[in-house]
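Atoms within each ligand, like the ligands themselves, are counted from 1 in listed order.
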Amino acid sequence: MGKKSENHTYTKRIKAEIIQLGADLVGVADVEPLKQLNLTPPDLLDSFNRAISIAIKLPRAVFEQIVDRPTPIYSYVYRTANRILDEIAFRTASIFQKDGFNSLPIPASQIVDEENWYGAITHKAVGRMAGLGWLGKSLLLVNPQYGPRIRLVTLLTDALLTVDGPIENRCGECTLCRDACPVGAIKGVNTEDYYKSRDDALYFSRCVEKLVGEFSKLPNIRSPICGICIKVCPFGR
Ligand code: B12
Ligand code: SF4
Ligand code: SF4
């Protein structure tokens with residue numbers, strides 16, 4: 001296996017194995033541009049060449065039940081999706097190890113900086129650079145086929161896989177997520193590539209306060225989730 005130049009055959013094989021493990025979408029990003037992100041630890045990407053973005057779609061009927069708050073079923077599906085994604089990333093890491101490569105699965109839903117609400121690396125930036133979707137006005141990653149009804153995980157690797165590129169933003173004039181947000185957290189601003197900060201897209205604290213202060217305290221929810229800006233997006237409905 002050549003480690004010096006991009007290996008298209010190996011990329012195809014590993015992507016097929018990831019799909020076989022249950023993923024619906026998989027793409028590859030170069031780690032270089034991602035080094036500008038807030039990372040924990042700051043040298044997280046230093047020994048890796050590529051970040052693989054893996055997504056699974058969520059069952060459509062779950063969102064039909066969401067009206068103005070998360071439902072207990074959505075909460076359970078959210079946890080199940082995280083478990084499936086963590087398992088796919090874990091199993092793929094074992095395949096890389098067997099093939100002589102190093103790889104690190106980043107948890108699907110772990111907050112490592114509780115003050116600033118950051119994961120070790122943001123899966124949305126990786127997903128965007130790997131061509132899985134664009135950053136919608138909701139600040140969610142929107143896939144052309146499944147919309148924002150996907151959950152994501154990232155796997156870092158030193159294998160020189162072939163890189164996929166970002167895709168074009170297709171939000172256009174739509175403002176459905178802005179109009180539906182129960183706390184008016186979505187500003188409705190579009191971006192051709194990505195927002196320089198979360199506050200360019202959102203009144204961020206309004207969303208956090210709603211999810212943490214109210215929704216996570218509802219019976220059988222227990223997580224800071226919502227689902228409304230996901231539900232209303234025309235992509236994936
Ligand atoms: C902490 C967290 C929260 C916090 C803070 C959210 C936030 N926007 O940061 C709270 C509790 C509020 C929250 C809420 C929600 N969350 Co949340 N959350 C996370 C978590 C664990 C970390 C996010 C993080 O580190 N953000 C840091 C900021 C700075 O990054 P960002 O939001 O991606 O935005 C920047 C980058 O994307 C950057 N960028 C984009 N492309 C590029 C390219 C380059 C080169 C660079 C340099 C930068 C860059 O531009 C943005 C602005 O700076 C992730 C899991 C993960 N590890 O990614 C899930 C995650 C983001 N959450 C998710 C979801 C679905 C939600 C909710 C809808 C709740 C729900 N499940 O019902 C809401 C949506 C709120 C919203 N409109 O954004 C999904 C998103 C899936 C998707 N399709 O996009 C994720 C990815 C979990 C997963 N495994 O799928 N969440
Ligand atoms: S998660 Fe809920 S509160 Fe936060 S931006 Fe989306 S609709 Fe608004
Ligand atoms: S609801 Fe409309 S504006 Fe919001 S992310 Fe989806 S397409 Fe973009």
Side-chain angles (χ1 to χ4, degrees), residues 29-40 53-58 63 66 68-70 74-75 77-79 81-82 85-86 106-114 116-130 132-143 146-154 166 169-191 193-212 214-216 221 223-237:
D30 184 3
V31 296
E32 277 313 313
L34 300 169
K35 288 182 177 169
Q36 303 161 60
L37 291 165
N38 280 290
L39 303 166
T40 307
S53 183
I54 301 168
I56 55 169
K57 64 176 186 298
L58 299 175
F63 294 98
I66 294 177
D68 59 357
R69 67 195 63 191
Y74 175 49
S75 173
V77 164
Y78 156 89
R79 277 194 284 276
N82 290 338
L85 285 164
D86 286 336
I106 306 297
S109 193
Q110 183 189 47
I111 297 168
V112 294
D113 178 345
E114 292 188 2
N116 296 304
W117 295 95
Y118 289 142
I121 182 170
T122 155
H123 299 312
K124 287 182 283 178
V126 177
R128 197 183 75 78
M129 297 306 284
L132 264 53
W134 66 90
L135 276 192
K137 289 175 191 163
S138 56
L139 191 62
L140 293 173
L141 190 77
V142 184
N143 172 261
Y146 303 122
R149 296 167 177 218
I150 50 171
R151 287 191 72 78
L152 301 152
V153 75
T154 299
N169 185 311
R170 287 168 58 184
C171 281
E173 298 301 311
C174 175
T175 56
L176 289 176
C177 54
R178 184 197 71 184
D179 303 341
C181 174
V183 287
I186 300 169
K187 292 182 175 175
V189 177
N190 215 355
T191 177
D193 44 26
Y194 60 91
Y195 303 97
K196 301 305 166 252
S197 94
R198 277 187 295 219
D199 293 308
D200 288 357
L202 302 180
Y203 297 102
F204 180 63
S205 60
R206 293 187 192 174
C207 174
V208 175
E209 277 159 29
K210 187 75 173 175
L211 272 53
V212 177
E214 186 184 331
F215 286 166
S216 67
I221 300 298
S223 303
I225 56 169
C226 172
I228 297 170
C229 52
I230 301 180
K231 176 193 172 143
V232 299
C233 185
F235 289 93
R237 285 199 87 163

Quick one: does [X]'s side chain get under 4.5 Å of [Y]'s, heavy atoms only?
{"X": "R79", "Y": "S75", "value": "yes"}
{"X": "P234", "Y": "C174", "value": "yes"}
{"X": "I186", "Y": "L202", "value": "yes"}
{"X": "R151", "Y": "H123", "value": "no"}
{"X": "L140", "Y": "I230", "value": "yes"}

Ligand 1 and [X], any nitrogen or oxygen pair closer than 3.5 angstrom?
{"X": "S109", "result": "no"}
{"X": "Y74", "result": "yes"}
{"X": "K124", "result": "yes"}
{"X": "R198", "result": "yes"}
{"X": "Y195", "result": "yes"}
{"X": "P33", "result": "no"}
{"X": "L202", "result": "no"}

Next item on the list: Identify, by atom number and element, the atoms of ligand 3 in contact range of F235, meaning under 4.0 Å from any of its heavy atoms.
Entry: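 Under 4.0 Å from F235, ligand 3 has these atoms: 7 (S).
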
Using a 4.0 Å heavy-atom threshold (strictly under), name the region of [X] that reaches ligand 1: side chain, backbone, both or neither.
{"X": "A185", "answer": "neither"}
{"X": "R149", "answer": "neither"}
{"X": "L135", "answer": "side chain"}
{"X": "Y194", "answer": "side chain"}
{"X": "A125", "answer": "both"}

Notebook entry, point to check: Closest approach of N143 and L132, non-hydrogen atoms and distance?
Noted result: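 Nearest pair, atom of N143 first, then L132: ND2-O, 2.8 Å.
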
Next item on the list: Measure P148 to ligand 3 on non-hydrogen atoms and call it side chain, backbone, both or neither using the 4.0 Å cut-off.
Entry: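 The answer is neither.
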
Could you tell me whether [atom] has at least one protein heavy atom nearer than 4.0 Å?
{"atom": "atom 17 (Co) of ligand 1", "answer": "no"}
{"atom": "atom 85 (C) of ligand 1", "answer": "no"}
{"atom": "atom 56 (C) of ligand 1", "answer": "yes"}
{"atom": "atom 20 (C) of ligand 1", "answer": "no"}
{"atom": "atom 48 (C) of ligand 1", "answer": "yes"}
{"atom": "atom 44 (C) of ligand 1", "answer": "yes"}
{"atom": "atom 67 (C) of ligand 1", "answer": "no"}
{"atom": "atom 91 (N) of ligand 1", "answer": "no"}

Please check if the side chain of [X] supplies one atom and the backbone of [Y] the other of a donor-acceptor pair under 3.5 Å.
{"X": "K124", "Y": "L152", "answer": "no"}
{"X": "K57", "Y": "G236", "answer": "no"}
{"X": "Y78", "Y": "G227", "answer": "no"}
{"X": "K231", "Y": "R149", "answer": "no"}
{"X": "N169", "Y": "L135", "answer": "yes"}
{"X": "D86", "Y": "P107", "answer": "no"}

Checklist line | atom 6 (Fe) of ligand 3 contact by C174, N, O or S atom under 2.8 Å | finding: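 C174 does not place any N, O or S atom closer than 2.8 Å to atom 6 (Fe) of ligand 3.
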
Checklist line | Proximity to ligand 2 by part of P182, non-hydrogen separation under 4.0 Å | finding: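 Within the 4.0 Å criterion, P182 contacts ligand 2 through side-chain atoms alone.
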
Check: Parallel, tilted or perpendicular: which describes the rings of F235 and W134, with under 30° parallel and over 60° perpendicular?
Finding: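 The arrangement is perpendicular - the two ring planes meet at more than 60°.
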
Notebook entry, point to check: Which ligand 2 atoms does C226 reach within 4.0 Å, using its non-hydrogen atoms?
Noted result: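 This gives 1 (S), 2 (Fe), 7 (S) as the contact atoms.
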
Notebook entry, point to check: Can you list the ligand 2 atoms lying under 4.0 Å from a non-hydrogen atom of C229?
Noted result: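 Going through ligand 2 atom by atom, the ones under 4.0 Å from C229 are 1 (S), 6 (Fe), 7 (S).
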
Notebook entry, point to check: Where is the nearest protein heavy atom to atom 8 (Fe) of ligand 3: which residue, which atom, and how far?
Noted result: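 The protein heavy atom lying closest is C171 SG, 2.3 Å.
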
Next item on the list: Just jot down the ligand 1 atoms closer than 4.0 angstrom to any heavy atom of C226, in number order.
Entry: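 Counting from 1, the qualifying ligand atoms are 69 (C), 70 (C), 72 (O).
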
Note to self: List ligand 1 atoms under 4.0 Å from L152, heavy atoms only on the residue side.
What the structure shows: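 Within the 4.0 Å cut-off of L152, ligand 1 contributes 88 (C), 89 (N), 90 (O).
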
Given [options], which one has a non-hydrogen atom that is nearest to [atom]?
{"atom": "atom 80 (C) of ligand 1", "options": "I225, L141, D113, L140", "result": "L140"}
{"atom": "atom 65 (C) of ligand 1", "options": "K231, Q36, R151", "result": "R151"}
{"atom": "atom 12 (C) of ligand 1", "options": "I228, V208, D30", "result": "V208"}

Item checked: Sub-4.0 Å heavy-atom approach of I186 to ligand 1 ->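 So I186 does not count as touching ligand 1.
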
Item checked: N, O or S from C207 under 2.8 Å to atom 8 (Fe) of ligand 2 ->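 So C207 does not bind atom 8 (Fe) of ligand 2 by this criterion.
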
Next item on the list: May I ask you to decide whether D193 forms a salt bridge with K196, counting only side-chain N to carboxylate O separations under 4.0 Å?
Entry: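 Salt bridge between D193 and K196, a charged N being under 4.0 Å from a carboxylate O: yes.
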
Notebook entry, point to check: So, E209 and R206, do they make that salt bridge, N to O below 4.0 Å?
Noted result: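 Judged by the 4.0 Å cut-off on N to carboxylate O distance, E209 and R206 do not form a salt bridge.
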
